[in-house]
**Student:** 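Can you keep this structure in mind? I'll have questions shortly.
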2 protein chains.
Amino acid sequence: MANSLRKQEILEAAARLFRDRGYPATSMRHLAEEVQLKASSLYNHIGSKEEILKTICFDNARRFADGMTDVQANQELGAAGKIKALIRLHIQIATHDLTSVTAFNDEWRHLSEPHLSEFKKMRKNYENAFKDILTQGIEEGIFRSQNPTILLYSILSSFRWLYDWFKPERSIDSKQLEEEMTNLIMNGLLSNNPSE
Amino acid sequence: MANSLRKQEILEAAARLFRDRGYPATSMRHLAEEVQLKASSLYNHIGSKEEILKTICFDNARRFADGMTDVQANQELGAAGKIKALIRLHIQIATHDLTSVTAFNDEWRHLSEPHLSEFKKMRKNYENAFKDILTQGIEEGIFRSQNPTILLYSILSSFRWLYDWFKPERSIDSKQLEEEMTNLIMNGLLSNNPSE
DNA sequence: GTCTATATAAGGATAGAC
DNA sequence: GTCTATCCTTATATAGAC
């Protein structure tokens, strides 16, 4: 059996390459170079190129699914509180394992069947749960009455720059990030006090 | 010289494939099949695979640059009006030529030098102009005081689902889309009248 | 302007020596 | 567990017949 530490190193290098160049444009030879091996040696640690992609995609899908389950289970939270918790979830996941999340975000479409369908199902479940919270907030009159689908995708998309752009060394504090994104999503761009 | 109508057909098919599978995963053979030609025949109409990508990327970059120039030139608009005009610009471009914009949005990174650098420069210019408007609004007290970079990227990202998701047959009216996205970005999620 | 045939390079993955 | 050598497939692009 293969060295598990070495395997982790390969997975991380792959996530970085998948993020920077995309899955199809990343070759096994290039990946091998990154971890100072020959391409053939990689296969002592991983089964195939796609197996790496599967690991990255489903690990991250599970993180989001688990986060959503926690939010749903929290009886004390209203719709607004749940949305705030989900904003925190997205930022936490983004700052925790940036390269994996970035790769996961865009490269899942290169999964082959049946994994592709399974992944899409998990993604749809997450979106539906998110949309349910938005709809609930609209029905309760807490959220501005809007098309929940437009809301859902606009909000989910607004996180995407985090994955593309955020680097630890950019020195934006994750607490500040959370506060400002919550502010923007909940309260919008306009000031409440245009006179001051 | 090649038939220009045929060339347009090839460019559109390529844009669609680049959006669906990405640039590296799209082969000339597959593209040829889409327009019912053999791969070698494509080269009577286009110079290379990357030339197609260049066309898509720079055509769209120019659309955004021109739109920004118009907004900047409009003296009557304040910061809020300019942001609204830019929201309209993004939606108009997205609904006008969806596939091209999608390809442009993600696949520019596969450009080779010196085109890659040129493209990045145009993109940076656009972002800086957008950020200037946000900063202006904050200084005037019209916009909530926030980190302009976080604002900028959150807003720009929030448009991205349009390119991934929007299809004409989804029957969301583009006027409604504009209104609701403006609402969300300017006024946020929370209702002004939680009691009604 | 489209075809067949082909040049040339690079891809994922395996076999077998060490 | 890593290597060299290699298999097989696919990629972009060109040459030249029609």
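The basis for the numbers below is simple: all heavy atoms, side chains too, and nothing from hydrogens, waters or symmetry mates. Order of the sequence lines fixes the chain letters, A, B, ..., with proteins taken first and strands second; residue numbering starts at 1 for each chain.
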**Student:** Figure out the OH/P separation between B:Y43 and C:dC3, and round it to whole Å.
**Tutor:**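 In whole Å, C:dC3 P and B:Y43 OH are 14 Å from each other.
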**Student:** Between A:R6 and A:E9, does any side-chain N to carboxylate O distance fall below 4.0 Å?
**Tutor:** yes
**Student:** Using 4.0 Å as the upper bound for N to carboxylate O, is an ion pair formed by A:D106 and A:R160?
**Tutor:** yes
**Student:** What is the distance, rounded to the nearest whole Å, between atom CD of A:Q36 and atom C1' of D:dG1?
**Tutor:**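 So the two atoms are 16 Å apart, to the nearest Å.
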**Student:** Using a strict 4.0 Å threshold on nitrogen-to-oxygen distance, state whether A:K175 and A:E178 make a salt bridge.
**Tutor:** yes
**Student:** Which of these nucleotides, D:dC3, C:dA13, C:dC3, is closest to any side-chain atom of B:L37?
**Tutor:** C:dC3
**Student:** Can you check the B:R29 CZ to C:dA9 P distance for me, whole Å?
**Tutor:**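 The answer, rounded to whole Å, is 16 Å.
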**Student:** CG of B:L42 versus P of D:dT12: gap in Å, rounded?
**Tutor:** 10 Å
**Student:** Can you tell me the distance, in whole Å, between the NE2 atom of A:H30 and the P atom of C:dA10?
**Tutor:** 14 Å
**Student:** So which one's nearest nucleotide on DNA chain C is more toward 5', A:S27 or A:S40?
**Tutor:**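 Looking at DNA chain C, the more 5' nearest nucleotide goes with A:S27.
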**Student:** Let me know the distance between CD of B:E33 and P of D:dT10, rounded to the nearest Å.
**Tutor:** 13 Å
**Student:** Roughly, in whole Å, what's the span from NZ in B:K49 to P in C:dA10?
**Tutor:**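 So the NZ-P distance, B:K49 to C:dA10, works out to 15 Å.
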**Student:** Atom NZ of B:K38 and atom P of C:dT4: how far apart are they, to the nearest Å?
**Tutor:**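 Distance check: B:K38 NZ to C:dT4 P gives 5 Å.
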**Student:** Of the nucleotides D:dA11, C:dG1, C:dG12, which has the atom closest to the A:M28 side chain?
**Tutor:** C:dG12
**Student:** Is a donor from one side chain sitting under 3.5 angstrom from an acceptor on the other, for B:S112 and B:E50?
**Tutor:** yes
**Student:** Mapping B:A25 and B:S41 onto DNA chain D by nearest heavy atom, which one lands closer to the 5' end?
**Tutor:**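 Going by which nucleotide is closer to the 5' end, it is B:A25.
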